[in-house]
Each structure stands twice: as structure tokens, then as C-alpha cells.
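Each chain gets a letter, A, B and so on, in the order the sequences are listed, and its residues count up from 1.
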Amino acid sequence: MSKKLLLKNDHIPNINQLAVYRQHGGYAVLENTLKNSNPENVLEEVKKSGLRGRGGAGFPTGLKWSFLARPEGVSRYLVCNADESEPGTFKDRYLMERIPHLLIEGMILSSFALGAKTSYIYIRGEYFYVARILEVAIAEAYAAGLLGKNIMGSGFDHDCYVQVGAGAYICGEETALLESLEGKRGNPRIKPPFPAVAGLYGCPTVVNNVETIAAVVPILELGGDEYAKIGIGKSTGTKLISASGHINKPGVYEIELGLPVEEFIYSEQYCGGIRGGRKLKAVVAGGSSVPILPTELILKTANGEPRLMSYESLGDGGFASGTMLGSGGFIVMDEDTSIVKNLYTFARFYHHESCGQCSPCREGTGWMEKIIHKILDGHGTMQDIDLLWDIQSKIEGKTICPLGEAAAWPVAAAIRHFRSEFESYVQNPENIKDIKHYYRLQN
Amino acid sequence: MTTSEQIVFSKESLEVVQKMMLRYPEGKHKSALIPVLHIAQAEFGGWLSAPVMDYVASVLKIQPIEVYEVASFYSMFNLKPVGKCLIEVCRTSSCWLCGAEDIIDHIENKLNIKVGETTADGMFTLKAVECLGSCGTAPMMQVGADYHENLTLSKVDALLEKFKSEDKQSRYC
Ligand SMILES: Cc1cc2nc3c(=O)[nH]c(=O)nc-3n(C[C@H](O)[C@H](O)[C@H](O)COP(=O)(O)O)c2cc1C
Ligand code: SF4
């Protein structure tokens, strides 16, 4: 199941440069589309491809595009979400750094389909050097007539700009991103109205993830029907997976959706197994927000079917025994890992990143961090575990944006699957003593 | 930079700012605020004092409060002075799994400061930060604009030596 569409050329030296990108077929899809196709056809191909948003939620991209309002005389915008701040996720950075023109070609094609004359790539501020790479690539594209007025003689005009953020996970949430792009605090907006109706500057706007927009290039190259044959069921195409933690070969891998999880973890082609030949304890399969699963449930579903890397298979069993593909941030933990301590790093993260608009999220994330800290400090009680469960259950569905849920789910899953570890820390604080240095840096 | 009269962007920065404002539709130049604050922070000593924020407001023709509320929201804007060399060590999940706490302990001992503090000579500030998108090359730290990945204790030692002789303060220009 090895199929590369986005990263097929990532090993080519200097593929970040326009000339090299073009030597390897870059911008041929754009040229062909502008000459021989029209916006309606592009939308149709994207719909047929079955592409689902790669930013985390997995919403069908073609459908999202078809919701875009098109009132006469009002500008429409495409905004690329390159905020990539979900712990465990680093695929967009890799793609932009290695093959910036793939994203830019995707931006122009998507904008053509949407009728957007202007697009912005909103990139997290810490990725400053990546923003520079994109800016250089965009300047090359302007100089070659691939951006600006009358692109390739087609009559289509388009401007694309890079906008840097300044350190705020919440700006990955699409309405917070739009607020930030307007020069404001990253406070998510109450929906409706959705960005497709009133987005950037109150105009109809589509927000898509970097990988989603880049995937438009191979979709138009292959045709939507051919793309849909790749993958499995409703999980069509390929997905970039950011693999990290206690594996032999961390990195970004492009997989065909439907690859068995076991093969992904143990095959030499991908993660290459667990470091030091240790045993697997748990995996967070789709970025920090998705439920953690213990070995037996990540390798096989509750029904004993092999677990596959797809939206459906990872979700099999709901939250009782399943998880989500999410952003594809795949964090692997070996047998010595403290699940409670790892959870603490997540709880601290969400508390730090809550924008503070909604009480359940603002207060709940703080309490969860404090209680887990108390348990790790050796002062926890059995009631604290129940209190933790109670708090997380009171956040879901009661907030403006999904960050509240993203903070609650990891806590719920850790207690659901690893309650005995919490209990052992409460009953026998001796067990906590050595977790900090369980993984010693060599040297 | 003692009085606000002296707070003025260099000619080059001002040109960059003017050009930046053209990226947005007419009347929407407030969108340039975050990028301009990065430039200001780099140019005026690595942090945003109230007079610097007032100056940015005047350049963008917006109210000072609009600048304060934004500057205080984003973690990359420093509202207090920081050392010449700002060291930010990632501490979230994957980095923690791969030894970030050892890296932090080591730097604390080496520089004789705690997380959040600045060395007496004003050279180094140490911060622990949330996921920087470098999970596959953990542990890591960001210094200025640069990512330093796959850290080991000896790699950290060599980097600290190197930073002593560099000015790492400017981030975004
Ligand atoms: C708290 C939070 C953080 C998010 N962070 C990101 C992010 O960093 N990158 C991203 O593409 N989507 C992120 N999303 C999802 C976006 O809101 C949005 O659904 C996505 O950009 C849509 O693009 P897609 O359909 O192409 O996936 C986040 C959502 C939430 C609630
Ligand atoms: S859920 Fe949290 S992050 Fe989202 S709007 Fe409410 S307070 Fe802000």
C-alpha cells in the first residue's frame, strides 16, 4: 500500500525551486486546467475525489466548496490554514518546507474553482523560516506569471500572500484564524454565520488545511474518479502522517488510507518498530485531541478486526474503544511511559491555549491541569480521579469552539483505558518517583 | 530608546511595513498588525514596551488599545524585556517523551537560572513552550528564528557556547 501523490518528489534536490519543480511536471496541472477546464469542472472533480479535509475534522472538501456564497460584486477568499499547532503534528511544515510550489499550485487551482482573486496562507509565527521559503516561492511564481494578472494568458487574476501568526494554537480554529488575520485577538466566532457566508472581512471564505489544498493538484492530475480509487471506502486518497515518540524512525510518511496500523508501526518502510525493542503501550493516533488507545485497541478493533489507518476504522467502536484519524499526528509510547504524565503535558497545553471566552473551557482546563498535577505530585485521592472524569464530562458541547472538547477527550480516554495507572499513583506514590527520567537522553 | 520620540522604524522597516499594508483590501490594513508587531519587537530590543506599541498604533492609524489587546494575546510577543538570546524549549508530549525535561534541567543548571528567568548579564532567557511542530525531531528548542532539533546534552552545550558570541535577539527581520 505504498502510494505517493504529495511527496513523490520530496527527495529531489532543490525541488523547492520553481525551475526544478517545473522540470518534474510542476504547474502542468495548472496550465492544463486554466487552458482546458473551468471552475465548475474543478469543483466537480474535487467532489468526485471524495477528498476530506486534512486539518482534523475530515469534512468533505467538495461539499464545503459548494457551500461558498457567491453574491454579485462581493470578493471571495481562500485562506490556507498553516497554523499547525496540534501537538504531534508536523506534516504541513514538512510539505511547505520541501515542496512549497505544490501548495502554491494548489492555492491557485482552488482559488480558480472558488472564484477567489486573493488568498492568504496563515502560518504559525514560530514557522518563520518556512514562511520565508513560501515567500521566496511566491516571488518566483509572480516572476514567472503564475501569480498576478492574467495567469498564463487565461484571464484569471490571483494574488497570494503569506501571513504569520504569533503563537496561539487557537488560531488553528478557522474563525479564530480569520479574527487573527484581521489583526485581532484569536477569539473564535459564534457560528452561524459560517465562513462560507461571512468569513474574512465579512466576505464568503473557504478555509482549508495545507495538505487539503495541496491534494487538489494530484486530484486534477489523475481525475477525481481515479483519486477516489486510492484508499479505502470513504477514506479516499493518501494521507500525510506525522510519526513521533518512541519509534525507530520518526518522520512524515505519506500512506495510502487503509494501511493496517500494525504495519505502519512495525514495518521498516514506516516507523520501523519501537525503540530499543521495547513493547508498545499506547498510541495517540491523530494529534493530541483524539482519544489515546492501548496496544490491544490500536492494533485491533474491539471486534478483533485489524485496525486500519482510515477515518472509519480508527473511529470504529466510537470513543468506548476507538479514536479518530484527526490531523494524522501519530504519537507512539513504549511500555515504560507514564500515561498520566503524558496526559499532564496535554492538560497543561490546553489550559495554556484556551482563549478564555467560555467558562467551561477556561475554568475546566485549569482544574484538569491542577488535579493531574496534584496526582503526579503524590497528593492525589481516589475522589480526584472521579472529579477529573466529572469535569471533562461537563465541557463537551457547552463551548463556542471545539477546543473545549479537544481538551476533554484526552482526559476521558486516559481514565477510560488507564484508570489503574491513576489509581496506582494515588495508592502508592512511590510509583511516581522515577517517571521523569524514564527515557534518558543518550549521552 | 528612553523617550517615545526616539521610537521610529528604520527606513527599511518602514518600507516593508508600507508594502505589507497593500496586501489587504482598502481600509483593512489593521490586518498588518501582527506582522508589524514582529518587526517592532525585533527592531526595538526583543520586547514590546508601551511606547513601542503606541508607535505601532500610530503607524497603522489604529487605537493603542487595539495593539495592547493583541500583543497580550499571543505568546510570541514579549511584554517584558528578555535576554539577548531567547531559548524556548518545547515541553509537550512528543518532546517530553523524548527527554525534554532533561534538556530543560541541563540548561537550568548550566545557566544557573530557572525557566522564565534571565541570566544576570542579560544574555540568556529560558522559556518552556508548547508544541513547536517538531515532534519527529524531538527534543528540540527554538532560539531566535532557528529550530535546533534532535538535541542531546552535548549538542546543547555546544550551542550555548556558540550563542554567547552571537546576537540572537532579532527574530523576524
Ligand atoms: C482548537 C482547534 C485547532 C485547530 N487547528 C488546526 C490547525 O492547526 N490546522 C488546520 O488545518 N486545522 C485546524 N483546525 C481545524 C479548522 O478549524 C478547520 O476545520 C480546518 O482548517 C478546515 O480545513 P480542512 O477542511 O481542509 O481540514 C483546528 C480546529 C480547532 C477547534
Ligand atoms: S472553547 Fe475554549 S478556546 Fe474555544 S472559544 Fe471557548 S474558551 Fe475559547
Side-chain angles (χ1 to χ4, degrees), chain A residues 75 84-90 92-94 118 120 124-129 159 161 163-169 171 180-187 201 242-246 250-252 284 288 329 331-334 337 341-342 345-346 348-349 352-353 355 436-437 439-443, chain B residues 20 23-25 27-38 41 60 62 66-67 69-77 88 90-103 105-106 129-139 142 144-147 151-155 171-172:
Chain A
S75 305
E84 190 166 74
S85 309
E86 170 99 354
T89 317
F90 47 99
D92 296 338
R93 171 183 165 209
Y94 184 85
T118 309
Y120 297 94
R124 64 181 299 181
E126 296 91 339
Y127 283 180
F128 174 68
Y129 80 97
D159 288 307
Y161 304 103
Q163 174 92 357
V164 292
Y169 166 65
C171 291
S180 182
L181 184 46
E182 292 180 5
K184 298 184 238 163
R185 294 164 76 90
N187 287 340
Y201 310 127
S242 318
S244 69
H246 298 142
V252 176
V284 173
S288 57
I331 310 172
V332 179
M333 296 166 213
D334 74 17
T337 306
K341 179 75 194 246
N342 182 69
T345 75
F346 286 157
R348 183 174 58 189
F349 169 82
H352 186 260
E353 302 300 335
C355 84
K436 180 171 164 187
H437 296 294
Y439 180 74
R440 274 257 159 222
L441 289 171
Q442 276 99 33
N443 158 47
Chain B
M20 203 170 260
R23 294 175 177 181
Y24 315 101
K28 304 294 181 193
H29 55 270
K30 184 179 168 181
S31 279
L33 178 54
I34 290 171
V36 173
L37 283 174
H38 279 303
Q41 179 159 287
L60 291 180
I62 56 179
E66 296 178 85
V67 181
E69 62 179 12
V70 163
S72 59
F73 185 84
Y74 296 92
S75 62
M76 288 174 75
F77 295 132
E88 297 175 295
C90 175
R91 65 181 182 182
T92 322
S93 183
S94 307
C95 269
W96 171 71
L97 290 167
C98 294
E101 288 194 343
D102 292 342
I103 298 289
D105 285 354
H106 185 71
V129 297
E130 302 301 344
C131 187
L132 290 176
S134 191
C135 326
T137 42
Q142 181 165 30
D146 301 331
Y147 273 40
L151 292 178
T152 59
L153 301 187
S154 57
K155 233 174 164 172
R171 244 178 196 263
Y172 291 96

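- Residues B:Glu69 and A:Lys184 fail the side-chain proximity criterion, which asks for heavy atoms closer than 4.5 Å.
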Output, in order, the C-alpha distance, side-chain angles, deciding distance and verdict of side-chain contact (heavy atoms from CB on, under 4.5 Å) for B:Asp146 and A:Tyr129.
CA-CA 7 Å; B:Asp146 301 331; A:Tyr129 80 97; over 6 Å; no

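- Using a 3.5 Å distance cut-off with no hydrogens or angles, the side chains of A:Asp159 and A:Thr118 do not pair a donor with an acceptor.
- The candidate with the highest count of non-hydrogen atom pairs below 4.5 Å against chain A, out of B:Phe73, B:Tyr147, B:Phe77, is B:Phe73.
- Residues A:Ser242 and A:Tyr94 form no side-chain contact, since every pair of their non-hydrogen atoms from C-beta on lies 4.5 Å or further apart.
- Among A:Ser244, A:Gly167, A:Ala166, the residue with the largest count of heavy-atom pairs under 4.5 Å with chain B is A:Ala166.
- Of the listed residues (A:Glu86, A:Glu353, A:Arg348), the greatest number of heavy-atom pairs within a distance under 4.5 Å of chain B belongs to A:Arg348.
- Rounding to the nearest 0.5 Å gives a distance of 7.0 Å between OG1 of A:Thr89 and CD1 of A:Ile331.
- Under the 4.5 Å side-chain criterion, counting only non-hydrogen atoms from C-beta, B:Tyr74 is in contact with A:Cys171.
- Heavy atoms closer than 4.5 Å to chain A are found in both the backbone and the side chain of B:Tyr24.
- Only the side chain of A:Arg124 has a heavy atom closer than 4.5 Å to any heavy atom of chain B.
- For A:Ser180, the parts lying near chain B are the backbone and the side chain together; criterion is any non-hydrogen pair under 4.5 Å.
- Ranked by heavy-atom pairs under 4.5 Å with chain A, the first of B:Ala71, B:Cys131, B:Ser31 is B:Ser31.
- Residues B:Thr92 and B:Glu130 have side chains that bring a donor and an acceptor to within less than 3.5 angstrom of each other.
- At a 4.5 Å heavy-atom cutoff, the contact between A:Tyr161 and chain B is made by side-chain atoms alone.
- Side chains of B:Val129 and B:Gln142 form no contact here, defined as non-hydrogen atoms less than 4.5 Å apart.
- In this structure, chain B has no heavy atom under 4.5 Å from any part of A:Val284.
- Put simply, of A:Ser75, A:Cys355, A:Gly186, A:Gly329, the one with the most heavy-atom pairs under 4.5 Å next to chain B is A:Gly186.
- When heavy atoms are compared at a cutoff of 4.5 Å, A:Arg185 approaches chain B by way of both its backbone and its side chain.
- Residue contact with chain B, scored on non-hydrogen atoms closer than 4.5 Å, involves the side chain of A:Tyr120 exclusively.
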